[in-house]
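Only one structure is covered here, and it is reproduced in the block below.
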Amino acid sequence: MDRAGYICIVVLAFAIGAGSCLAAEDASNTVITIDVSKKAEPISKYIYGQFIEHLGRCIDGGIWAEMLEDRKFYHPVGAGKSPWKPLGDTDSVKMAAKDAYVGDHEPEISVEPAGLFGICQDKLGLVEGKEYTGRIILAASQGVNAVELRLRGDDSQAAFHSHRIEGIAVAHAAYTFRIHAPQTTDNGHLEILGVGKGAFRIGVVSLM
């Protein structure tokens, strides 16, 4: 479509709207003249028009690279508006306000040698074999040997790939990780689990 045709469509759309507004008065007196012989400079090939809505993963998981919601834990884990859920013993996950890395609080997870102790977020769009990169702010007591991040398929029994972070400092520190998707799904899971005995905190987590 050339510029004249585009202008014609825009003017007609405007005319329909204007006609509707004038209908209550006297639309018969409204006259619109379109001269398509007059042309302006061509539109640059570097200018694109598009219609964007939150359809599927057009923006979230598409144009917008961040895959996680509430990555700074504005909502308490397990609360109605939080996308994060406790794993294993729900009583092991608490929101700690003192010395929180950002905001009013952050999750503190108590860890025992046996069982699952951590948090999880689902509804992630994954592509099998694709590598995802992440960054996480952690602090842990000396008894916590590691924090393991697992990228899982569409249910708790699906296969997963994991990244293990060891030597976690007592004070908040940043750690990066790389992890692969085990399958293509619209309901992937990111799990953050503690290993050992003690407690660890999560200040912020990001996955792209």
Side-chain angles (χ1 to χ4, degrees), residues 50 52-88 90 92-93 95 100-103 105-109 111 115-140 144-169 171-196 199-208:
Q50 64 182 142
I52 297 180
E53 284 285 358
H54 287 272
L55 304 174
R57 299 192 181 278
C58 176
I59 296 177
D60 295 334
I63 296 175
W64 178 246
E66 178 59 60
M67 298 176 63
L68 301 178
E69 297 181 14
D70 196 15
R71 62 191 186 88
K72 297 181 181 180
F73 305 101
Y74 179 83
H75 300 289
V77 173
K81 294 184 178 180
S82 175
W84 296 97
K85 303 173 184 177
L87 283 175
T90 58
S92 67
V93 181
M95 301 305 294
Y101 183 77
V102 64
H105 51 215
E106 65 185 13
E108 181 178 78
I109 299 100
V111 180
L116 291 177
F117 301 94
I119 61 174
C120 170
Q121 184 171 148
D122 56 11
K123 298 181 181 179
L124 303 180
L126 304 178
V127 177
E128 183 177 357
K130 183 176 179 178
E131 182 182 73
Y132 297 89
T133 60
R135 185 173 183 269
I136 188 169
I137 305 293
L138 294 170
V144 177
N145 301 324
V147 168
E148 186 174 356
L149 296 108
R150 296 179 179 179
L151 203 53
R152 191 182 292 277
D154 55 12
D155 62 63
S156 61
Q157 304 302 318
F160 64 86
H161 292 165
S162 64
H163 182 106
R164 191 180 179 98
I165 300 174
E166 299 179 342
I168 301 169
H172 289 99
Y175 304 88
T176 59
F177 61 92
R178 296 178 179 273
I179 195 167
H180 292 80
Q183 69 177 137
T184 298
T185 177
D186 284 331
N187 190 31
H189 297 64
L190 176 68
E191 300 175 347
I192 306 174
L193 302 167
V195 180
F200 73 99
R201 289 186 172 198
I202 308 170
V204 179
V205 59
S206 174
L207 182 69
M208 297 187 180

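Nothing here was measured: the structure is a model prediction, and the numbers come from that model.
Leu149 pairs in a side-chain contact (heavy atoms from CB on, under 4.5 Å) with only one of the listed residues (Leu207, Ile192, Leu193), which is Ile192.
The shortest distance between side-chain heavy atoms of Leu151 and His180 does not fall below 4.5 Å. Residues Ile109 and Leu87 are not in side-chain contact: their nearest non-hydrogen atoms beyond the backbone lie 4.5 Å or more apart. By the 4.5 Å heavy-atom criterion applied to side chains, Ile136 and Ile165 are counted as neighbours.
The minimum heavy-atom distance linking Thr184 with Glu128 is given by the pair OG1-N, 2.9 Å. Across every non-hydrogen atom of Met67 and Met208, the tightest pair is SD-C, 4.2 Å. For the residue pair Tyr132 and Leu126, the shortest heavy atom distance occurs at OH-CA, 3.4 Å. Closest non-hydrogen pair, Ala174 versus Arg135, comes out as CB-NH2, 3.4 Å. Across all non-hydrogen atoms, the minimal contact from His105 to Pro76 is CE1-CG, 3.9 Å. Minimum heavy-atom separation, Ser162 to Ile179: CA-CD1, 3.9 Å.
Residues passing the ring-ring contact (aromatic ring centres under 6.0 Å, His included) test with Phe73, sequence neighbours excluded: Trp84.
Listed for the His189 side chain is a donor-acceptor partner under 3.5 Å among the backbone atoms of Gly153. Asp154 places no side-chain N or O within donor-acceptor distance of the main-chain N or O of Gly188, the cut-off being under 3.5 Å. Checking side-chain atoms of Glu106 against main-chain N and O of Tyr101 turns up a donor-acceptor pair under 3.5 Å. Listed for the Gln183 side chain is no donor-acceptor partner under 3.5 Å among the backbone atoms of Val127.
Put simply, CZ on Arg152 and CD on Glu191 are 4.0 Å apart, with the number rounded to the nearest 0.5 Å. Atom NE2 of His75 sits about 9.5 Å away from atom CD of Glu69, to the nearest 0.5 Å. Distance CD1/Ile202 to CD1/Ile119: 3.5 Å, rounded to 0.5 Å. With values rounded to the nearest 0.5 angstrom, Lys81 atom NZ is found 11.5 Å from Asp70 atom CG. Once rounded to the nearest 0.5 Å, the distance linking NE2 of His163 with OG1 of Thr133 reads 11.5 Å. To the nearest 0.5 Å, atoms CD (Glu148) and CZ (Arg164) are separated by 6.0 Å.
Between Lys85 and Asp122, at least one side-chain nitrogen of the basic residue sits less than 4.0 Å from a carboxylate oxygen of the acidic one, meeting the salt-bridge criterion.
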Test log, rule side chain to side chain contact (heavy atoms under 4.5 Å, CB included), inputs Leu68 and Leu124 | CA-CA 8 Å; Leu68 301 178; Leu124 303 180; 4.1 Å; yes
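Within the structure, salt bridge (Lys or Arg N to Asp or Glu O under 4.0 Å) pairs that include any residue of residues 173-182 comprise Glu131-Arg178 (at least two apart or interchain).
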